Amino acid sequence: MKRIGVLTSGGDAPGMNAAVRAVVRKAIYHEIEVMGVHNGYQGLIDGKIEKLDLGSVGDIIQRGGTKLHSARCPEFITEAGQQKAIDQMKKHDIEALIVVGGDGSYRGAMALTKKGFPCIGVPGTIDNDIPGTDYTIGFDTALNTVIEAIDKIRDTATSHERTFIIEVMGRNAGDLALWAGLAGGAETIVIPEVAFDIEDILFRLRSGHERGKKHSIIIVAEGVMSANAFADLLKEYGNIETRVSVLGHIQRGGSPSARDRVLASLFGARAVEVLMEGNGGLAIGMRNHEVVDYSMTEAFEGKRSTDLSMYKLSKELAI
Ligand code: ADP
Ligand code: F6P
């Protein structure tokens, strides 16, 4: 193999730059050229492709966002869009593609692989929602951003003896909310993986208050409902006044944590190795602290399990 491509796609995630850097440096180390595709699949269709050398990925390991930019590209879901992408890659002598993104991006990568164009998926999303890997690039950084926010909100919640509802991203997955809730000492965590009982939540809020708790923090995953809708529920069923904080896209930014940089470096390098071994249609992941590769189909068709023992523990610790 002489030349490969790399792109970042879907929602950006801190650590994507570190992954691209690892792909470029690892490939060049093995005398393989790397072409960077800008703006995800849209850039592939439009031919926004340039050669990346060792220097072009210098000084990015610590940067959030993605230097290659990202996009959501409806045209790529069509056969015609995929064919345009393949034509562009042929034109640029690209023999294989590494896609850093979430499960939607993996579906795109698999579509190309099925058309005879080998792709490898590297999990880059703050949602930590890709089956087959314990962690995705960006999750740890986003988690730390959420924790920082919770700590700050806790200060004002205590001063005013208030109940706060904090809405956390994650699309349909509750990992970010669950981990943030446990690490942030939240009284209540509401995630899509566990049906919530409003009476139980009200009971816990009241009993906390009765034993002198000065504030309450409730973390709601966006996949369940908006924090505002949840505030309405508490008002309607318990006449409880709350304040709402929607963290939003702040969760996607910032310099990647050390953990995300390491994960991204390991994953990016492994993706190149897997291509060198002659494979396509695989996803890279981490299982029990080991880097693994597995069928990309499993990564978007498999079911991801959330650690419900953490959910149970969070309830026990927040009595
Ligand atoms: P993420 O990769 O973070 O899950 P999206 O779900 O938005 O983000 O997917 C990113 C891009 O991947 C989409 O804009 C589209 O171009 C491509 N994609 C998503 N689903 C498919 C599919 N079923 N077939 C082909 N391409 C897809
Ligand atoms: O997949 C990452 C993510 O940030 C989700 O947590 C969130 O639901 C979604 O992307 C937001 O997408 P957008 O940036 O298009 O608003």
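Everything numeric here is computed off the predicted structure, so don't read it as measured data.
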Residue list, salt bridge (Lys or Arg N to Asp or Glu O under 4.0 Å) with [X], at least two apart or on another chain:
X	answer
Glu277	Arg270
Asp12	Arg252
Glu79	Lys115
Asp151	none

>> Checking Tyr311 now: which residues fulfil ring-ring contact (aromatic ring centres under 6.0 Å, His included) with it, not counting sequence neighbours?
In response: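 Once residues adjacent in sequence are excluded, Tyr311 has no partner under the ring-ring contact (aromatic ring centres under 6.0 Å, His included) criterion.
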> Does a salt bridge link Lys312 with Glu316, judged by any charged N lying under 4.0 Å from a carboxylate O?
Replying inline: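 Yes.
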Set of residues satisfying side-chain contact (heavy atoms from CB on, under 4.5 Å) with respect to [X], sequence neighbours excluded:
X	answer
Tyr29	none
Glu50	His38, Leu52
Pro192	Ala221, Val224

Quick one: side chains of residues 155-164, donor-acceptor pairs under 3.5 Å with protein atoms, not counting sequence neighbours, listed by atom name and distance.
unit_1	atom_1	unit_2	atom_2	d
Thr158	OG1	Arg154	O	2.7
Thr158	OG1	His215	ND1	2.9
Ser159	OG	Asp155	O	3.0

> In terms of hydrophobic clusters joined by side-chain contacts under 4.5 Å, are Leu54 and Val6 together?
Replying inline: yes
Donor-acceptor pairs under 3.5 angstrom involving side-chain atoms of residues 167-181: please list them, not counting sequence neighbours.
unit_1	atom_1	unit_2	atom_2	d
Glu167	OE1	Ala227	N	2.8
Asp175	OD1	Arg304	NH1	3.4
Asp175	OD1	Thr306	OG1	3.2
Asp175	OD2	Asn128	ND2	3.0
Asp175	OD2	Arg304	NH1	3.2
Asp175	OD2	Arg304	NH2	3.4

> Out of Lys315, Arg204, Lys213, which one pairs with Glu187 under the side-chain hydrogen bond (donor to acceptor under 3.5 Å, both in side chains) rule?
Replying inline: Lys213
> Who else is in Val37's hydrophobic cluster (ILVMFWY, side-chain heavy atoms under 4.5 Å, direct or via others)?
Replying inline: Leu7, Met35, Tyr41, Leu44, Ile45, Ile49, Phe76, Ile86, Met89, Ile94, Leu97, Val99, Leu112, Phe117
> How is the hydrophobic cluster of Tyr294 composed, in terms of its other members, when Ile, Leu, Val, Met, Phe, Trp and Tyr link through side-chain heavy atoms under 4.5 Å apart, directly or indirectly?
Replying inline: Tyr106, Met110, Ile130, Val292, Met296, Phe300
